Peer 1: 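Let me begin by handing over the structure; questions about it come next.
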Amino acid sequence: MKRQSWTEFRKNIEKVIKEFGLSDKLKSVNITQIENIDRKFMQSFVECGKQSAKFYGWIWEYLKDEISWGKHSPDYKKTSEIIRYTAGSTDEDLYIIFTQTYREKEKFWYYEGRTDAMITVIEETPGIDEFYIFDKKFTWLLGQNHHDVIFATGNEKTERLKKGFEIYG
């Protein structure tokens with residue numbers, strides 16, 4: 001199977017946002033903000049997080065929070081319910097980083113918006129290798145890696161993820 005290019009991947013994300021009417025609920029982060037978000041993300045969640053996320057590739061292998069937990073997703077459809085439950089209902093916008101591997105290199109796409117819109121994009125966009133959802137205060141992280149392991153850091157989200165697996169897994 002031919003892998004899509006980074007440009008095609010980004011177009012697919014934008015296509016899902018348009019087709020599902022999500023433009024008021026999810027938007028790409030302004031390029032001038034990415035470096036600052038990336039730096040805070042790395043400092044908050046990644047061991048020796050002085051480098052850019054682009055340096056690490058598979059970020060989940062370097063999570064620094066001792067209160068982190070993960071488990072293999074039971075199936076694709078239950079993943080959405082587990083993520084929705086763990087993120088919880090919030091009126092606050094969150095950040096999400098979508099990752100894709102192309103020609104042995106990772107690319108990171110930064111978005112901000114609502115959990116329900118993020119989940120729709122996750123469900124409907126082919127080629128997402130990993131994703132990382134986190135609050136704008138950088139206190140918790142929720143994601144899924146390319147092995148279909150859903151993981152969380154931060155005490156509250158770790159406990160909610162465990163409960164989410166009890167309910168949906």
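Just so it is clear, the structure is predicted and the values come from calculations on it, not from any experiment.
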Peer 1: Please report the C-alpha distance between R114 and E92 in whole Å, then the side-chain angles of each, then the deciding distance to 0.1 Å, and finally whether the salt bridge (Lys or Arg N to Asp or Glu O under 4.0 Å) criterion is met.
Peer 2: CA-CA 7 Å; R114 305 299 175 138; E92 296 178 28; over 6 Å; no

Peer 1: Can the ring centres of F98 and Y111 be said to be less than 6.0 Å apart?
Peer 2: yes

Peer 1: For a side-chain contact (heavy atoms from CB on, under 4.5 Å) check, start with the C-alpha distance between Q100 and I128, then their side-chain angles and the critical distance, and finish with the verdict.
Peer 2: CA-CA 6 Å; Q100 181 205 24; I128 297 173; over 6 Å; no

Peer 1: Are any of the side-chain heavy atoms of I150 and L142 separated by less than 4.5 Å?
Peer 2: yes

Peer 1: Quick one: does D135's side chain have a donor or acceptor within less than 3.5 Å of a partner on W140's backbone?
Peer 2: yes

Peer 1: side-chain contact (heavy atoms from CB on, under 4.5 Å) between L141 and I133: does it pass, once the steps are laid out?
Peer 2: CA-CA 6 Å; L141 169 70; I133 301 170; over 6 Å; no

Peer 1: First locate atom CZ of R84, then atom OG1 of T79, and finally report the distance between them rounded to the nearest 0.5 Å.
Peer 2: 11.5 Å

Peer 1: Working to the nearest 0.5 Å, report the span between CD1 of I82 and CZ of R160.
Peer 2: 12.5 Å

Peer 1: Could you grab the distance from atom CD of Q43 to atom CG of D38, nearest 0.5 Å is fine?
Peer 2: 10.0 Å

Peer 1: Specify the closest pair of heavy atoms between Q144 and S73, including all atoms of both residues, with the distance to one decimal.
Peer 2: NE2-CB, 4.1 Å

Peer 1: Is the shortest heavy-atom distance from the side chain of W109 to the side chain of F9 under 4.5 Å?
Peer 2: yes

Peer 1: I want to check something: taking the side chain as every heavy atom from C-beta on, are M118 and L26 in contact at a cut-off of under 4.5 Å?
Peer 2: yes

Peer 1: If you round to the nearest 0.5 Å, how far is OH of Y110 from CD1 of I97?
Peer 2: 4.5 Å

Peer 1: Would you check if R10 and S28 make a side-chain contact, meaning some heavy-atom pair closer than 4.5 Å?
Peer 2: yes

Peer 1: Is it true that F41 and F134 have ring centroids separated by less than 6.0 Å?
Peer 2: yes

